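Just so it is clear, the structure is predicted and the values come from calculations on it, not from any experiment.
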Amino acid sequence: MKIKLNSILTLLVAALIFTSCSSDDDATPDTQKPTIAIIEPHNDDEIAPGGEIHFEALFSDNVELASYKIEIHDDFDDHTHAQLKSSHDLNPWSFEQVFQIPAGQRSFEAEQHIDVPTTFNGEPISEGIYHLGVYVTDTSGNEEQAFLSIHIEGDHGDEDHDHGHDH
């Protein structure tokens, strides 16, 4: 009887050891970046100071999305994102906000409305070309980014000026 009990205990311990190793231990790490499809705004869209940027994008990932960030900054110095220069004697506006994506999402449609101010630091914002950057991160820390240009410019009535007249 004692031998049977030892055999059963040995089998139970062996079964416990083999079943405690889950298949997650052998899983390969997620190294695939999520994807971004910006629906709005479009490249070179024009928004007036005091207006609103309607942002809409579709994000997807092979495992699970975590968060996304929208960043807007000036492109007055015609920089690349590898080399960011400063803009002197200007009053550029900037925006940056991180948004969390609900848990368990492999695809997510983001929609935000971003107000463009008329003033920044008490002065009118500088009009011109701005970059709108979108960064999306998955739960493994993989990140993808996409950029487009928007023009923040007011209507100065230039279209009413008659260029066809004689001087």
Side-chain angles (χ1 to χ4, degrees), residues 16-155:
L16 183 62
I17 289 172
F18 287 116
T19 58
S20 67
C21 296
S22 72
S23 61
D24 294 340
D25 296 339
D26 298 330
T28 57
D30 175 20
T31 58
Q32 187 173 337
K33 293 180 178 183
T35 62
I36 301 171
I38 299 175
I39 300 166
E40 284 191 63
H42 300 105
N43 200 36
D44 295 326
D45 271 0
E46 190 172 307
I47 297 103
E52 178 183 85
I53 298 169
H54 178 243
F55 172 80
E56 189 174 342
L58 181 62
F59 306 126
S60 61
D61 188 60
N62 62 326
V63 178
E64 184 177 354
L65 295 162
S67 64
Y68 68 96
K69 178 174 79 173
I70 301 172
E71 175 188 289
I72 301 170
H73 60 264
D74 70 272
D75 183 30
F76 301 158
D77 58 0
D78 198 27
H79 68 269
T80 66
H81 289 104
Q83 180 183 14
L84 187 62
K85 301 174 186 174
S86 64
S87 302
H88 298 288
D89 302 324
L90 297 172
N91 191 29
W93 167 68
S94 62
F95 173 89
E96 182 177 320
Q97 188 167 354
V98 175
F99 302 91
Q100 297 302 312
I101 296 173
Q105 303 292 314
R106 293 177 61 186
S107 104
F108 183 76
E109 186 171 338
E111 185 173 346
Q112 300 293 331
H113 295 271
I114 302 165
D115 292 329
V116 178
T118 55
T119 61
F120 184 66
N121 294 327
E123 299 289 328
I125 67 167
S126 295
E127 297 180 12
I129 299 173
Y130 284 73
H131 286 159
L132 186 145
V134 181
Y135 303 79
V136 63
T137 306
D138 66 15
T139 54
S140 297
N142 300 308
E143 180 182 89
E144 183 63 280
Q145 52 186 279
F147 291 88
L148 57 85
S149 294
I150 57 174
H151 298 255
I152 297 180
E153 296 179 27
D155 182 10

Spatial distance of atom [atom1] ([X]) from atom [atom2] ([Y]) [nearest 0.5 Å]:
{"X": "Phe59", "Y": "Ile38", "atom1": "CZ", "atom2": "CD1", "answer": "7.5 Å"}
{"X": "Glu144", "Y": "Asp61", "atom1": "CD", "atom2": "CG", "answer": "11.0 Å"}
{"X": "Asp138", "Y": "Gln105", "atom1": "CG", "atom2": "CD", "answer": "14.0 Å"}
{"X": "Glu127", "Y": "Leu90", "atom1": "CD", "atom2": "CG", "answer": "12.0 Å"}
{"X": "Glu56", "Y": "Gln112", "atom1": "CD", "atom2": "CD", "answer": "11.0 Å"}
{"X": "Asp45", "Y": "Ile53", "atom1": "CG", "atom2": "CD1", "answer": "9.5 Å"}

Locate the shortest heavy-atom distance separating [X] from [Y]; write the atom from each residue and the value.
{"X": "Leu65", "Y": "Thr139", "value": "O-CG2, 3.8 Å"}
{"X": "Gln32", "Y": "Asn142", "value": "O-ND2, 3.3 Å"}
{"X": "Ala48", "Y": "Gly154", "value": "CB-CA, 4.3 Å"}
{"X": "Pro92", "Y": "Ser126", "value": "N-OG, 3.9 Å"}
{"X": "Ser149", "Y": "His131", "value": "OG-CD2, 3.6 Å"}
{"X": "Ile150", "Y": "His42", "value": "CG2-O, 4.4 Å"}

*Kindly assign one of parallel, tilted or perpendicular to the pair Phe108 and Tyr68, based on the angle between their ring planes and the thresholds 30° and 60°.*
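Tilted.
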_Below 30° counts as parallel, above 60° as perpendicular, anything between as tilted: where do the rings of Trp93 and Tyr130 land?_
tilted
Side chain to side chain, [X] and [Y], heavy atoms closer than 4.5 Å:
{"X": "Ile47", "Y": "Glu52", "answer": "no"}
{"X": "Glu109", "Y": "Leu58", "answer": "yes"}
{"X": "Ile152", "Y": "Pro49", "answer": "yes"}
{"X": "His54", "Y": "His113", "answer": "yes"}
{"X": "Leu132", "Y": "Pro41", "answer": "yes"}
{"X": "Ile125", "Y": "Val116", "answer": "yes"}

*Neighbour count above 12 (heavy atom, 6.0 Å) for Lys33 NZ*: no
Treating [X] as the side-chain partner and [Y] as the backbone partner, does any N or O pair qualify as donor plus acceptor under 3.5 Å?
{"X": "Arg106", "Y": "Asn62", "value": "yes"}
{"X": "Asn91", "Y": "Asn121", "value": "no"}
{"X": "Glu143", "Y": "Thr137", "value": "no"}
{"X": "Asp115", "Y": "Pro117", "value": "no"}

*asked:* Go through it in stages, so that I can follow the logic: the residues are Val98 and Lys69, the test is side-chain contact (heavy atoms from CB on, under 4.5 Å), and I'd like the CA-CA distance, side-chain angles, deciding distance and then a yes or no.
replied: CA-CA 4 Å; Val98 175; Lys69 178 174 79 173; 3.9 Å; yes
